[in-house]
Amino acid sequence: GAGVSQSPRYKVAKRGQDVALRCDPISGHVSLFWYQQALGQGPEFLTYFQNEAQLDKSGLPSDRFFAERPEGSVSTLKIQRTQQEDSAVYLCASSLASGTPWGFQETQYFGPGTRLLVL
Amino acid sequence: AQTVTQSQPEMSVQEAETVTLSCTYDTSESDYYLFWYKQPPSRQMILVIRQEAYKQQNATENRFSVNFQKAAKSFSLKISDSQLGDAAMYFCAYRTLNFGNEKLTFGTGTRLTIIP
C-alpha cells in the first residue's frame, strides 16, 4: 500500500510568512508524529496525535507552531511568522497502533519530509 | 529524560566487508524499544531493525544484526557483506513503552560510506 506522503516537498518562505505543511499517514494508522530535522542532525520530536487527539506537544519550540489532525487522518503543521531558525526538514511519521502487546505495531513509518527554507 | 549517543559521525567500509556502528543510550526504564533507521540521500527514513529490551536474543534482519547489551546500555548495528546501497545516514533511536509517550529519541547519526 501507499506510504506516508508529505506536501509540499520543498517550501521557500520569506521571514514573517505563515506556512502549512501537510502529512497523509498510512491508511488506518492511529498514531501520527511530527519531527524537525536540522541540517546534519537527528530528527527531534515536535508533537504526537492518537487519532484526532494531540497527546503530546512538548516538542513544539514556540507558540508559533501549531498542529492539528481534525478527522484523525491527515495532519497539518502550521508555522506562523516564520523565522530563519525554522529552516529545517519537517518529517511526519505514522504507526498502526500503540500500547499493544504486538511490538511490530509500534513501528513508525516516515514520509519523505518537507524541506523548509526561510529567507 | 532519555538520551541517545552516536559517537561516530562518519564511518567507511569496503564493499563486501563488515562494519559496526555504535550507539549508547541513557534511561532509567527497564522496558523500551530500540531502533536503527537508515536515511539515504533521498531523505526517506527507513526502519532497518528493532529490538525490544525485554528480549534477550539479539535481533537480526538478513545482513543486519544488533549487539544489544542492556546492562551497558549499548545497541550496536552490524552490517555484513556491505553493499553500495547501504550508503546512508544511520540513526539509532529509543522509544519508551509508556502509553501516551510514543516519541522516538534519536541520536545524531553516523554517515556510512561504502568504498567500491
Side-chain angles (χ1 to χ4, degrees), chain A residues 2-6 9-10 23 26 29-51 53-60 67 88-116, chain B residues 1-10 21-25 31-55 57 59 61 66 68 75 88-111:
Chain A
V4 178
S5 61
Q6 293 185 245
R9 292 293 310 277
Y10 302 92
C23 173
I26 294 172
H29 276 200
V30 170
S31 299
L32 185 145
F33 307 80
W34 284 98
Y35 295 88
Q36 181 190 58
Q37 186 174 21
L39 188 64
Q41 300 296 315
E44 292 194 357
F45 171 78
L46 292 176
T47 187
Y48 154 59
F49 291 85
Q50 191 166 81
N51 295 307
Q54 189 174 20
L55 297 189
D56 187 351
K57 55 181 180 180
S58 62
L60 296 176
V89 175
Y90 291 85
L91 298 172
C92 176
S94 68
S95 66
L96 183 60
S98 64
T100 71
W102 303 283
F104 72 91
Q105 295 188 354
E106 315 287 348
T107 298
Q108 294 183 24
Y109 297 89
F110 283 80
T114 294
R115 183 185 296 273
L116 173 64
Chain B
Q2 294 83 17
T3 59
V4 177
T5 301
Q6 293 180 251
S7 59
Q8 305 157 316
E10 296 184 356
L21 308 184
S22 301
C23 173
T24 59
Y25 57 94
D31 285 322
Y32 43 87
Y33 297 109
L34 295 167
F35 303 85
W36 278 98
Y37 277 89
K38 168 186 177 180
Q39 191 176 42
S42 66
R43 304 203 73 85
Q44 186 117 23
M45 195 86 73
I46 304 166
L47 178 68
V48 174
I49 198 165
R50 58 177 290 143
Q51 174 82 41
E52 289 87 350
Y54 57 85
K55 292 185 178 179
Q57 187 173 6
E61 288 288 341
V66 298
F68 173 48
F75 182 61
M89 284 290 290
Y90 285 82
F91 292 98
C92 178
Y94 173 101
R95 213 218 86 169
T96 179
L97 254 64
N98 294 338
F99 179 75
N101 187 7
E102 321 283 337
K103 65 183 179 185
L104 292 173
T105 300
F106 287 89
T108 51
T110 297
R111 182 177 302 280

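In what follows, every heavy atom counts, from backbone to side chain, and hydrogens, waters and symmetry copies are set aside. Order of the sequence lines fixes the chain letters, A, B, ..., with proteins taken first and strands second; residue numbering starts at 1 for each chain.
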query = For atom CD of Glu44(A), is the number of surrounding heavy atoms from other residues, nucleotides or ligands below 6.0 Å larger than 12?
reply =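 Counting other residues, nucleotides and ligands, CD of Glu44(A) stays at 12 neighbours or fewer.
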request  = Could you point out which residue of Ile49(B), Ile46(B), Leu104(B) forms a side chain to side chain contact (heavy atoms under 4.5 Å, CB included) with Tyr37(B)?
outcome  =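 Answer after filtering Ile49(B), Ile46(B), Leu104(B): Leu104(B).
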task = Please state whether the rings of Tyr25(B) and Phe68(B) are parallel, tilted or perpendicular, taking 30° and 60° as the class boundaries.
result =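 It falls in the parallel class, under 30°.
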message = Under 4.5 Å from any heavy atom of chain A, what part of Gln6(B) do you find: side chain, backbone, both or neither?
response =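 No part of it gets close to chain A.
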With a 4.5 angstrom heavy-atom cut-off, could you sort out which part of [X] is near chain B: side chain, backbone, both or neither?
{"X": "Val4(A)", "answer": "backbone"}
{"X": "Leu91(A)", "answer": "side chain"}
{"X": "Thr47(A)", "answer": "neither"}

ask   = Do side-chain atoms of Glu52(B) reach the backbone of Asp31(B) as a donor and acceptor pair under 3.5 angstrom?
value =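 Judged by distance alone, no pair lies under 3.5 Å.
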request  = Between chain B and each of Pro43(A), Gly40(A), Ser58(A), count heavy-atom pairs under 4.5 Å; write down the option with the most.
outcome  =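 That would be Pro43(A).
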query = When only pairs under 4.5 Å are counted, which of Gln6(A), Gln37(A), Arg115(A) shares the most heavy-atom pairs with chain B?
reply =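 It is Gln37(A).
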inquiry  = Applying ring pair (Phe, Tyr, Trp, His ring centres under 6.0 Å), can you list everything that pairs with Tyr94(B), at least two apart in sequence or on another chain?
reply    =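 In terms of ring pair (Phe, Tyr, Trp, His ring centres under 6.0 Å), with neighbours along the sequence ignored, Tyr94(B) is linked to Tyr32(B).
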